[in-house]
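Worksheet: the structure to be examined is printed underneath.
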Amino acid sequence: MNSRREFIKRAALGTAAMSIIPSKAFSNTSELKQLTILHTNDMHSHIHPFESGRNKGVGGIAQRATIIKQIRDEGNQVLLLDAGDIFQGTPYFNIYGGELEFKLMSEMGYDASTIGNHDFDNGLDGLVRQLPHAKFPFIVSNYDFSDTLMDDNYLKYKVFNRGGIKIGIFGIGIELEGLVPKKLYGNTLYQNPIDKSNYYSDLLKNSLGCDLIICLSHLGFKYNTKKVSDKMLASQTKNIDLIIGGHTHTFLNKPVIVENLEGKNVQIAQVGYAGINIGRIDYFLNQKMCVKKINSTAIFVKKKTK
Amino acid sequence: MKLRLHIIYITAILLSACSTQFIIDSKQNSIISVSAIPDSLITSIINPYKTGIDSVMNEVLCVSEIEMTKGRPESLLGNFVTDLCLEQYSDIADICVMNNGGLRSTLSKGKITRGNIYELMPFENELVILELNTLELFDLIEYIFLREGEPFSGLSVYSIDSCMVLSSRNILYRQGDSVLMSVPIIASSCGGEEEVYIVSKIEETYKIRVLTSDYLANGGDKMSFFNNKNQLKVGLKIRDAIINYCKSEQTISSKLDGRITKYQNE
């Protein structure tokens with residue numbers, strides 16, 4: 001048994017070296033439906049691969065686009081998601097205000113993003129001004145924007161249908177006070193992440209009948225204080241299957257598993273920052289839409305050198 | 001092993017609908033590295049923007065003798081930025097405080113371009129000066145220790161357990177409007193030592209002028225000792241302060257000098 005597992009593992013690694021389709025090697029039952037979740041976070045206006053330092057030659061949005069296309073070409077159902085802080089970090093943001101970031105994400109086929117604290121860096125008007133360039137929705141469930149310019153420009157949740165699989169997505173933003181200057185977030189109201197998560201995950205699961213519930217979170221992975229984090233959110237809620245996190249720039253080489261209020265497993269994923277990595281999580285569901293298997297792959301994006 | 005599998009199987013059948021209690025096999029996680037060529041469509045969208053960026057950002061401002069990274073308790077980058085800011089305003093400020101989180105990239109050894117400084121300090125934050133009394137200064141130092149270090153310039157601090165001491169390496173306190181004097185050593189909560197007396201003695205008359213960013217002065221990173229203070233705007237963004245310094249110096253460097261130390265009692 002063990003030696004066989006070792007064999008499969010080695011065979012899978014061999015496949016990984018040649019292509020980026022390690023999940024196929026595990027797919028022994030053809031009746032299972034496969035859903036591929038791809039995720040990024042904290043890309044911080046990084047357009048090009050790093051030119052120096054320890055990340056030299058790593059990242060790059062055009063390189064990421066190539067890899068995402070290759071994954072789409074595998075023919076599985078794909079959801080491409082981001083956990084916020086798209087803005088701020090290179091002169092592209094200082095000069096163009098996020099226009100290019102949104103255009104590129106739209107071209108790459110991003111399905112949704114949540115809003116990070118740095119997405120407020122040019123104020124609510126700065127964010128709203130760039131929204132026409134984004135052909136994907138911003139989902140955040142615990143910011144009340146009703147008294148701001150963002151009202152009508154965001155979603156509390158969204159249900160995606162991918163090959164008959166219903167995926168419910170909601171978003172959770174971080175507390176803005178003390179983090180973002182008040183003049184930038186204006187009358188945005190921050191609401192309790194745990195309450196809102198329980199409310200929207202229940203709505204998505206039990207009222208709207210979603211098969212998978214994903215939370216796009218910009219809370220941060222974990223803290224040594226009582227500050228609410230993805231780990232805390234996972235343990236104090238029900239119905240969430242996967243938290244795609246950001247903010248702390250944490251690179252998790254595989255999703256961390258936390259028990260929720262009902263003792264069920266919640267996966268927390270986060271892939272560093274600046275587009276150095278793409279997170280990939282493959283769900284395999286049976287005909288009754290029950291999850292039977294999950295594979296994860298952390299993909300380091302590298303510039304091809306001639 | 002077989003028995004366990006049977007139990008899992010039976011349990012799975014007994015649960016009516018989907019249970020999310022699937023079995024996650026840790027062997028089904030992998031890390032791979034993929035070398036990719038740039039997507040041509042994406043590149044064509046980027047190119048006109050890149051031309052605009054490059055025309056401004058490729059200007060070489062100076063050369064760095066070393067690589068500077070941020071970090072705690074002190075760092076080459078944190079010392080570099082706070083020292084240069086304080087230097088530009090040493091006539092109207094006593095110390096400078098920034099936040100580690102606000103330094104957004106590393107400065108490489110070698111040529112430093114305008115673009116590199118934008119990546120280090122992408123924010124539009126401006127320099128402001130506000131005044132703290134001695135007790136508020138201790139709150140600031142305590143905060144820095146709680147955070148295990150934040151960039152600062154203009155003083156040295158050390159702590160032994162709950163006892164916190166500032167030494168006066170560079171710090172100058174004003175007396176009245178014009179007279180500057182150096183205080184040899186001041187201490188807080190050290191329990192009955194002579195230094196405590198000095199704190200209470202200077203508390204009423206001395207103000208420490210702190211150069212910082214408007215982000216921190218307005219409540220960023222919860223530096224509560226800055227709450228409700230009058231802010232003097234010096235009229236310069238932090239990024240421009242760094243750019244000005246680099247252009248004037250041509251060659252830049254930094255060093256760790258033990259400005260913050262925590263001693264453990266044996």
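Quick note: numbers below take in every heavy atom, side chains included, and nothing from hydrogens, waters or symmetry partners. The sequence lines fix the lettering, A, B, ..., with proteins before strands; numbering per chain opens at 1. Here the structure is a predicted model, which means the values were calculated and not measured.
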query: Among A:T90, A:I47, A:L100, A:D121, which residue forms the greatest number of heavy-atom pairs with chain B at distances under 4.5 Å?
result: A:L100
message: Counting heavy-atom pairs under 4.5 Å with chain B, which one of A:K302, A:M108, A:K103 comes out on top?
response: A:K302
field: Residue pair B:N218 / A:K182, side-chain heavy-atom distance below 4.5 Å
entry: no
- prompt: Is atom CG of A:D73 surrounded by more than 12 heavy atoms (other residues, nucleotides or ligands) closer than 6.0 Å?
  reply: yes
message: Looking only at heavy atoms and a cut-off of under 4.5 Å, which of A:G89, A:P181, A:A65, A:P255 has the most pairs with chain B?
response: A:G89
Least distance between heavy atoms, B:A36 atom then A:Q63 atom: O-CG, 3.4 Å
- prompt: If you tally heavy-atom pairs under 4.5 Å against chain A, which of B:D214, B:L120, B:I45 wins?
  reply: B:I45
task: To the nearest 0.5 angstrom, please state how far the CD1 atom of A:I67 sits from the CD1 atom of B:I37.
output: 11.0 Å
- request: Sort B:E67 into side chain, backbone, both or neither according to what part of it lies under 4.5 angstrom from a heavy atom of chain A.
  value: side chain
query: Just wondering, more than 12 heavy atoms not from A:E262 lying within 6.0 Å of its CD?
result: yes
- request: Can you measure from CD1 (B:I53) to CD1 (A:I95) and round to the nearest 0.5 angstrom?
  value: 4.0 Å
message: Using side-chain heavy atoms (C-beta onward) and a distance below 4.5 Å, is A:H118 in contact with B:F123?
response: yes
message: Do B:I46 and A:H48 have side chains that approach each other closer than 4.5 Å (heavy atoms only, starting at C-beta)?
response: yes
- prompt: In terms of heavy-atom contacts, does CG of B:N228 have more than 12 from other residues, nucleotides or ligands at under 6.0 Å?
  reply: no
Reported CZ-to-CD distance for the pair A:F93 and B:E119, which is rounded to 0.5 angstrom: 14.0 Å
- request: Taking atom NZ of A:K238 as the centre, report whether more than 12 heavy atoms of other residues, nucleotides or ligands fall under 6.0 Å from it.
  value: no
query: Does B:Y215 use its side chain to pair, donor to acceptor, with the backbone of A:L179 at less than 3.5 Å?
result: yes
- prompt: With a cut-off of 6.0 Å (strictly less than), are more than 12 heavy atoms of other residues, nucleotides or ligands near CD of B:E148?
  reply: no
task: Take atom CD of A:E177 as the centre, draw a 6.0 Å sphere, and report whether it contains more than 12 heavy atoms from other residues, nucleotides or ligands.
output: no
message: Contact between B:D39 and A:E107 at the side-chain level, heavy atoms closer than 4.5 Å - yes or no?
response: no
field: Interatomic spacing from NZ in A:K56 to OG in B:S108 - rounded to 0.5 Å
entry: 9.5 Å
- prompt: Counting only heavy atoms not in B:K111, do more than 12 fall under 6.0 Å of its NZ?
  reply: no
- request: Please answer whether the main-chain N or O of B:Y49 pairs with a side-chain N or O of A:Y96 as donor and acceptor at a distance below 3.5 Å.
  value: yes
message: Using side-chain heavy atoms (C-beta onward) and a distance below 4.5 Å, is A:N94 in contact with B:R239?
response: yes
task: Would you give the length of the straight line joining atom OG1 of B:T43 to atom CD1 of A:I61, rounded to the nearest 0.5 angstrom?
output: 10.5 Å
- prompt: Would you say B:S30's side chain and A:T297's backbone share a donor-acceptor pair under 3.5 angstrom?
  reply: no
- line: CZ (A:F50) and OG1 (B:T106) are apart, to the nearest 0.5 Å, by 9.0 Å
Interface moiety of B:L216 toward chain A, non-hydrogen atoms closer than 4.5 Å: neither
task: Just give me the residue among B:K50, B:K109, B:R114 that pairs up with chain A most often, heavy atom to heavy atom, under 4.5 Å.
output: B:K50
query: Which one of A:H46, A:K183, A:E99 has the most heavy-atom pairs closer than 4.5 Å to chain B?
result: A:E99
query: Does the side chain of A:N253 come within less than 4.5 Å of B:N29's, by heavy atoms?
result: no
